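Structure record follows, encoded as structure tokens.
Chain letters run A, B, ... following the sequence lines, proteins first and then strands; every chain starts at 1. Predicted model, so just to flag it, every value in this text is computed and none were measured.
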Amino acid sequence: DGGITQSPKYLFRKEGQNVTLSCEQNLNHDAMYWYRQDPGQGLRLIYYSQIVNDFQKGDIAEGYSVSREKKESFPLTVTSAQKNPTAFYLCASTSFGQGLRRNTIYFGEGSWLTVV
Amino acid sequence: AQKVTQAQTEISVVEKEDVTLDCVYETRDTTYYLFWYKQPPSGELVFLIRRNSFDEQNEISGRYSWNFQKSTSSFNFTITASQVVDSAVYFCALRVWETSGSRLTFGEGTQLTVNP
């Protein structure tokens, strides 16, 4: 089945550690996104990428890094510089062009990150 | 800059009542897309509807209907004869295009609780 796969679903991080959240899509989508959601809050954009080997900072990029070496993959690294990383992280993707399925942004199931 | 406002933080209704979720957006762009997503307790975001800025036709899908009015920059969502399974957080979102690509801006969400 086509879709967006995020892993792991739950992740615990010790303070001072970097962790990487995986996001893979087999929808042949061009653009990919990472959002952060805090309890009871909306979604805030961390990074986004329109094409391979190119990405842009969103509203809260500090303490995060990404790469886009393949069209299908957009991993997010939460670095030790991120002071309050405990949150729910959502990956999304979309394609461009005509038609309902294009230009609609679809989401993965999310990853819960907890700092212990 | 883009902004989406969902003024209703929480709404509680009794089953079979109709309920309307409000969404007001701000953008200087003339071309944009508006979305509604549903987030059940499991966390994933489920796409409900997309509307582009040139299509002000209202839409009905089963018990769901959407009222898009450019004159008031609103894109309201109505659930008719609500059911307990409709309980979730609902997000309105706005997609615009920038020189660096497109991004999706979310409202803060409305927690809908449908009581039996």
Side-chain angles (χ1 to χ4, degrees), chain A residues 3-6 9-10 23 27 29-61 68 74 87-113, chain B residues 1-10 21 23-25 29 31-55 57 59 61 66 88-113:
Chain A
I4 303 170
T5 302
Q6 289 187 239
K9 179 73 173 178
Y10 300 96
C23 178
L27 301 167
H29 282 174
D30 305 291
M32 297 186 73
Y33 305 79
W34 274 105
Y35 287 87
R36 168 179 171 147
Q37 186 179 26
D38 293 283
Q41 304 291 317
L43 281 73
R44 293 183 290 170
L45 182 63
I46 305 173
Y47 268 99
Y48 60 108
S49 168
Q50 306 296 297
I51 58 173
V52 173
N53 292 322
D54 186 54
F55 47 83
Q56 308 295 328
K57 292 183 178 180
D59 300 317
I60 56 166
R68 186 88 186 275
F74 192 42
F88 186 52
Y89 292 86
L90 283 156
C91 178
S93 69
T94 188
S95 59
F96 305 115
Q98 300 299 316
L100 175 60
R101 288 200 171 273
R102 296 181 180 275
N103 290 303
T104 294
I105 298 183
Y106 295 96
F107 286 81
E109 294 187 348
S111 294
W112 293 92
L113 173 62
Chain B
Q2 283 65 237
K3 186 177 180 182
V4 176
T5 302
Q6 294 180 252
Q8 305 146 308
T9 305
E10 296 181 24
L21 310 181
C23 173
V24 174
Y25 62 93
D29 291 50
T31 301
Y32 51 87
Y33 284 97
L34 293 162
F35 300 83
W36 275 95
Y37 288 88
K38 174 181 180 180
Q39 187 177 42
S42 55
E44 79 272 21
L45 262 75
V46 178
F47 165 73
L48 296 177
I49 190 170
R50 183 194 81 184
R51 178 63 73 228
N52 73 52
S53 53
F54 299 108
D55 182 3
Q57 225 176 1
E59 181 155 338
S61 176
W66 291 269
V89 180
Y90 290 86
F91 290 98
C92 180
L94 168 69
R95 183 180 184 188
V96 298
W97 277 258
E98 303 169 342
T99 52
S100 57
S102 72
R103 52 187 294 164
L104 196 64
T105 300
F106 284 84
E108 292 295 309
T110 298
Q111 171 71 61
L112 173 65
T113 303

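Heavy-atom distances place both the backbone and the side chain of A/Leu43 under 4.5 Å from chain B. For B/Thr9, no part lies under 4.5 angstrom from a heavy atom of chain A.
Atoms CD1 and CZ, on A/Ile105 and B/Phe106 in that order, are 7.0 Å from each other to the nearest 0.5 Å. Atom OG1 of residue A/Thr94 and atom CZ of residue B/Arg50 lie 8.5 Å apart, to the nearest 0.5 angstrom. To the nearest 0.5 Å, atom CD of residue A/Gln37 and atom CD of residue B/Gln39 are 4.0 Å apart.
Ranking A/Gly42, A/Ala31, A/Ser49, A/Gly40 against chain B, the residue ahead of the rest is A/Gly42, based on heavy-atom pairs under 4.5 Å.
In this structure, A/Tyr35 and B/Leu104 approach most closely via the heavy-atom pair OH-O, 2.8 Å. Listed here is the closest heavy atom pair of B/Phe35 and A/Thr104: CE2-CA, 3.8 Å. Taking both residues in full, the closest heavy atoms of B/Arg95 and A/Tyr33 are given as NH2-OH, 3.9 Å, listed atom of the first, atom of the second, then distance. For B/Phe91 against A/Gln41, the heavy-atom pair with the smallest separation is CZ-O, 3.9 Å.
The local environment of CD in B/Gln8 is crowded, with over 12 non-hydrogen atoms from other residues, nucleotides or ligands closer than 6.0 Å.
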